[in-house]
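This report concerns only the one structure given below.
All heavy atoms count here, side chains included; hydrogens, waters and symmetry mates do not. Counting begins at 1 with the first residue of the sequence.
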Amino acid sequence: MNDQTGFYMEAGTMAFSRSGHYAKGAPVDDDPLMSESDIVYMDDAVVAVNKPCGMLVHRSKLDRRSPTVMRELRRLTGKMVWPVHRLDRPTSGLLLMAFSPELAAILNEGFRYHRVQKEYLAVVRGYAEEQGIVDHPVKNSRGNPKPAVSRYRRLATVELPIPVGRYETARYSLVKVALETGRYHQIRQHFHHLSHPIVGDTVYGDGRHNRLFRENLACRRLLLFSVSLTFPHPVDGRLLSLSCGLGDQERALFEDFGWAAEVPETCCGDDLKGGNDENRYSRPAPERQDDPF
C-alpha cells in the first residue's frame, strides 16, 4: 500500500492476544459499571466522565433495568446530575453533566450556539479521503431529515490479510471527526453516506466487516469514541479542554494495528495522564484553537 500512514499486518501477526484482550472468544462485560477512575473532571458545577460502551446515559422506555451513567454518577458523587448532551449506548468516551438544571441549561446554550467543540475517533471501512467536510442531512429519531455538518481527517490506515467478499484483504481507516452540528447518529449516518461505515455499527454498518472483527479480533463493539471536549465553564466562562483515553482492549487493538501514536490520553489542562486526583479536578485549560483538529 502507498499511504505513509498505513500499516499492513502480516498473517503471522494476527494473534491479537495481548493480555488476553483480543483472543478469540474473549469474554465481554455485558453489565459495565463505573468507578471514580472514570471521572475525567469534576468541580462544584460540572462533571465529565468516560462513559463505558454499552451503558445508557439515562433510563429508556426500551430498557428500564440496565445501569445508567446518571445513576452511577449519583452513586459516585452523592449528588443529582443533569445531562448536557448524550452519547449513543454503543459509543464510549467523554460525556458532560451538570449538578443543577440551571447549569445544564447554560451548557445546553453553548452546544446550541456552537461554543462547544467535540471530537471523536472512529474506525471505518476502507481508505477514507485524507480530509473532508460532510454537509448532508441526517434523519432524526422520527425519520425526519435535519441539516448536519461534520469535518473529518484521516489519521492512519491498516490492511488486514483477511478476505472479505470479493477482496483478498480488508482495509480500514482511523478518522478524527469534529461536529459542527449534533444530530441523532450524525457521525454514523455521515460515514454510511460516504460508503465508509463505522466498524461495529449494526444499524448503518457493513455486517461482513462487523463479523470479521467479531470472529477474528474478538471485537464486538462500535468503534466510535468521544475523545475531546472543549467548552466554556457555566460559572466563570473559562474554557475547559478535556480529553479521554481508550480502554485496555481498544488500546491493544490500536497498537496491534500500528496506531499507537494515535491513542489519546486522558487529560485535563496540563494533567497529561489524568492520574493525579488533585490535578484531575478544577483545573483550567489552555485557550481553544480555531482549527477543529
Side-chain angles (χ1 to χ4, degrees), residues 31-61 63-89 91-120 179 181-184 225-245 247 264-288:
D31 190 27
L33 294 175
M34 296 176 61
S35 67
E36 289 186 1
S37 65
D38 292 311
I39 297 177
V40 177
Y41 175 87
M42 183 172 67
D43 60 24
D44 291 336
V46 300
V47 58
V49 297
N50 182 358
K51 184 187 92 67
C53 170
M55 182 175 282
L56 292 166
V57 175
H58 52 74
R59 289 174 62 179
S60 163
K61 293 180 181 178
D63 188 344
R64 296 186 177 275
R65 301 177 61 186
S66 296
T68 68
V69 176
M70 292 182 66
R71 188 192 78 178
E72 290 297 296
L73 277 178
R74 286 197 296 268
R75 179 180 62 82
L76 290 170
T77 66
K79 300 179 181 180
M80 295 292 291
V81 294
W82 281 259
V84 176
H85 65 118
R86 290 169 174 79
L87 295 177
D88 298 339
R89 185 173 190 168
T91 303
S92 62
L94 274 174
L95 180 71
L96 183 64
M97 300 231 176
F99 285 125
S100 78
E102 294 79 13
L103 292 168
I106 294 171
L107 289 164
N108 279 323
E109 287 291 302
F111 278 88
R112 185 174 299 114
Y113 291 105
H114 310 293
R115 293 192 289 266
V116 177
Q117 180 178 314
K118 294 187 293 182
E119 292 180 352
Y120 294 76
L179 298 183
T181 54
R183 303 298 188 188
Y184 176 77
F225 314 89
S226 171
V227 295
S228 176
L229 185 65
T230 301
F231 61 97
H233 194 278
V235 175
D236 57 25
R238 75 187 188 277
L239 280 180
L240 290 177
S241 185
L242 312 176
S243 65
C244 184
E265 297 287 348
T266 297
C267 67
C268 168
D270 57 2
D271 176 21
L272 295 180
K273 298 298 182 182
N276 186 321
D277 285 342
E278 293 182 358
N279 291 335
R280 185 154 26 110
Y281 304 123
S282 302
R283 295 293 298 272
E287 293 292 324
R288 181 174 67 179

Minimum heavy-atom distance between [X] and [Y], given as atom pair plus value:
X: L107; Y: P234; result: CD2-CD, 3.8 Å
X: S243; Y: V40; result: O-CG1, 3.8 Å
X: E72; Y: M34; result: OE1-N, 3.3 Å
X: A45; Y: H233; result: CB-CE1, 3.7 Å
X: L76; Y: E36; result: CD2-N, 3.9 Å
X: P52; Y: S92; result: C-CB, 4.1 Å

With rounding to the nearest 0.5 Å, note down the distance linking [atom1] in [X] to [atom2] in [Y].
X: H114; Y: T181; atom1: NE2; atom2: OG1; result: 7.5 Å
X: F231; Y: R238; atom1: CZ; atom2: CZ; result: 8.5 Å
X: L73; Y: I39; atom1: CG; atom2: CD1; result: 6.5 Å
X: T91; Y: R86; atom1: OG1; atom2: CZ; result: 14.0 Å
X: S100; Y: K79; atom1: OG; atom2: NZ; result: 10.5 Å
X: T230; Y: K118; atom1: OG1; atom2: NZ; result: 12.0 Å

With M97 as reference, evaluate T77, L103, V46, V57 under the side-chain contact (heavy atoms from CB on, under 4.5 Å) test and give the passing residue.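 Answer after filtering T77, L103, V46, V57: V57.
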
I would like to know whether L87 and Y120 meet side chain to side chain contact (heavy atoms under 4.5 Å, CB included); could you show each step before the answer? CA-CA 11 Å; L87 295 177; Y120 294 76; 3.6 Å; yes

Between [X] (side chain only) and [Y] (backbone N and O only), is there a donor and an acceptor less than 3.5 Å apart?
X: T266; Y: G245; value: yes
X: R89; Y: G54; value: yes
X: T68; Y: R59; value: no
X: S226; Y: L94; value: yes

F99: what forms a ring-ring contact (aromatic ring centres under 6.0 Å, His included) with it, not counting sequence neighbours? none

Step by step, would you call L96 with Y41 a side chain to side chain contact (heavy atoms under 4.5 Å, CB included)? CA-CA 9 Å; L96 183 64; Y41 175 87; over 6 Å; no

Do W82 and N108 have side chains that approach each other closer than 4.5 Å (heavy atoms only, starting at C-beta)?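 W82 vs N108: side chains apart.
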
